[in-house]
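Note sheet for the following structure.
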Amino acid sequence: MLDKAYNIKDELVRLRRDIHQHPELSFQEFRTAQLVADTLVELGIDARTGIGRTGVVAHIGPDDGPTIGIRADMDALPILQQNDAPYRSQNEGVMHACGHDAHTAMLLGVAHLLQQNYRQSPADWQGRVRLLFQPSEETFDENGISGATAMIQDSALEGLDSVIALHVASHLPAGQIFFQDKYSLAAVDSFKAWVRGDGGHGAYPHSGSDPLFMLGPILNAIYAVPSRRIDPLRPAVLSLGQISAGAASNVIPNEVYIQGTIRSHDEETRSLVAAELERALSLSQTLGGRFELQITRGYPTLYNDPTVNGWMRTVTADLLGAETAVDAEFGMGAEDFAYMAQQAKGAMFMLGAAIDDGLVRHHHTDIFDINEEVLPLGTAVLAETARRFVTGNIVRNA
Ligand SMILES: [Zn+2]
Ligand SMILES: [Zn+2]
């Protein structure tokens, strides 16, 4: 599979650059979806468009049997690209700054290799592969739904036994592949809170109640939640991103607004942080004020099934050498693939994709870029994992 992936390297690079030059924002991936559908049809694969609004779904293999899904996201970000690559964005102010262009190109490469394999040896295939080209990983629509959920609501995950995906990592060494079992990326919730008092004249603080003063002890209590209230063996982050209040030097405001982010792995910690945040804010009541708290639940934690990870580790070692498969902590970022991994046994790996010149091109920055040499590697690992799944060369129900 690795040789075959190298054979289509030019095609992978061409597709990635085409998508990179024509980035589209979340749930507006119309051109990208059309490119995906056209490429699949050229390969002789029927594609269904408009799934989860702008997603594309296709099957390779027999009509039934055990089914493995492979997911790629397609959306870009509202960033004005600053690097001057010849394939830079032609859609001013929109940029593929997370590598989803590479994910889409690699999944099209996977489609090519698997369709070839199925045509050559259909009798070996006991199961089938479902290609999931997903819109809007980066953000929610007006109903608070991201692309993975939209696909699930359109039944795109129905009947799947397993689902796999990769994410390029522009800060990790090119060609190495990173795995983490069980909880890896975080559940992400955001919150807004208002601490309220009476406000009043700055010269007469005793005649009202002052929400700015209340905020002092509240901040202490908020920052103490992870360190004093949560089991140190369970990851939890509580960070504020905004505090705003007041407009004049001699007026005590009647309200302070704060907002921030909560990150955790397990559900129990997730609820505990929320409850403790509320308790910290309730200090305002002790000090003569009031508060309001709104928590918006975001992406759940990504749970990487150890069995599925095991398949991909073995494939990586077989194709690229055992030293290529590295165990690593993924950190407290988030991915909406987590919703798909709740529907079927799933796992995502990180594909190191740094350009080796000393400059780190971080995700979501205006100089983001990846090393295109890794495109055949990701393609080969996904395709070979799926091939082994459908041909029974891995123990599917371990
Ligand atoms: Zn991103
Ligand atoms: Zn991403």
Side-chain angles (χ1 to χ4, degrees), residues 15-16 19-20 22-29 32-33 36 52 54-55 69-83 89 91 93-108 132-141 145-151 163-172 174 177-180 184-188 190 241 261 263 298-302 304 328-341 346-355 360-372 374-375 378-379 382:
L15 286 166
R16 184 258 165 168
I19 301 165
H20 194 83
H22 302 98
E24 294 172 298
L25 291 174
S26 305
F27 284 124
Q28 296 172 36
E29 306 88 343
T32 312
V36 165
T54 42
I70 313 177
R71 174 271 207 171
D73 42 12
M74 301 189 291
D75 57 329
L77 288 155
I79 293 175
L80 182 62
Q81 187 157 14
Q82 294 301 332
N83 55 3
S89 170
N91 185 4
V94 183
M95 174 185 177
H96 268 293
C98 201
H100 300 181
D101 50 344
H103 303 166
T104 302
M106 283 188 271
L107 188 52
L108 287 170
L132 301 160
F133 293 90
Q134 181 208 301
S136 189
E137 191 283 326
E138 298 286 2
T139 191
F140 305 105
D141 69 4
I145 284 170
S146 70
T149 305
M151 298 277 286
V163 62
I164 57 175
L166 62 73
H167 204 299
V168 292
S170 62
H171 55 293
L172 296 174
I177 296 189
F178 300 85
F179 296 94
Q180 184 177 13
S184 51
L185 298 167
V188 177
S190 61
T261 185
R263 299 185 177 225
Y299 296 165
T301 184
L302 171 61
N304 282 327
E329 307 269 317
F330 287 1
M332 298 301 274
E335 240 293 344
D336 85 336
F337 177 69
Y339 289 113
M340 293 192 174
M348 165 181 270
F349 65 83
M350 298 284 163
L351 174 62
I355 296 171
V360 183
R361 296 163 174 85
H362 284 289
H363 289 251
H364 293 211
T365 67
D366 57 14
I367 59 158
F368 174 85
D369 204 356
I370 59 150
N371 190 331
E372 291 174 330
V374 308
L375 295 173
T379 303
L382 290 175

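This structure is a prediction, so every number in the text was calculated from the model and none was measured. We count ligands from 1, going down the list as the structure has it; atoms in each ligand are counted the same way.
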Fill in the blank from the handout: Ignoring waters, protein N/O/S atoms under 2.8 Å from the Zn ion (ligand 2) are C98 SG, H100 NE2, H167 NE2

Exercise for the section: Give the ring-plane orientation class for F179 versus F349, where under 30° counts as parallel, over 60° as perpendicular and anything between as tilted. Expected result: tilted

Exercise for the section: State which residue, out of R361, Q81, H96, fulfils the side chain to side chain contact (heavy atoms under 4.5 Å, CB included) condition with D369. Expected result: R361

Problem - Name of the H364 atom (N/O/S only) found closest to the Zn ion (ligand 1) - result: NE2

Problem - Closest non-hydrogen atom pair, G93 against L80 - result: N-CD1, 3.7 Å

Handout entry: Separation of L108 CG from I19 CD1 (nearest 0.5 Å)
Key = 6.0 Å

Practice task
Only one of M350, M348, E329 passes side chain to side chain contact (heavy atoms under 4.5 Å, CB included) with Q180; say which it is.
Solution key: E329

Exercise for the section: Taking all non-hydrogen atoms of both residues into account, name the closest pair between A165 and F337 and its distance. Expected result: CB-CE1, 3.7 Å

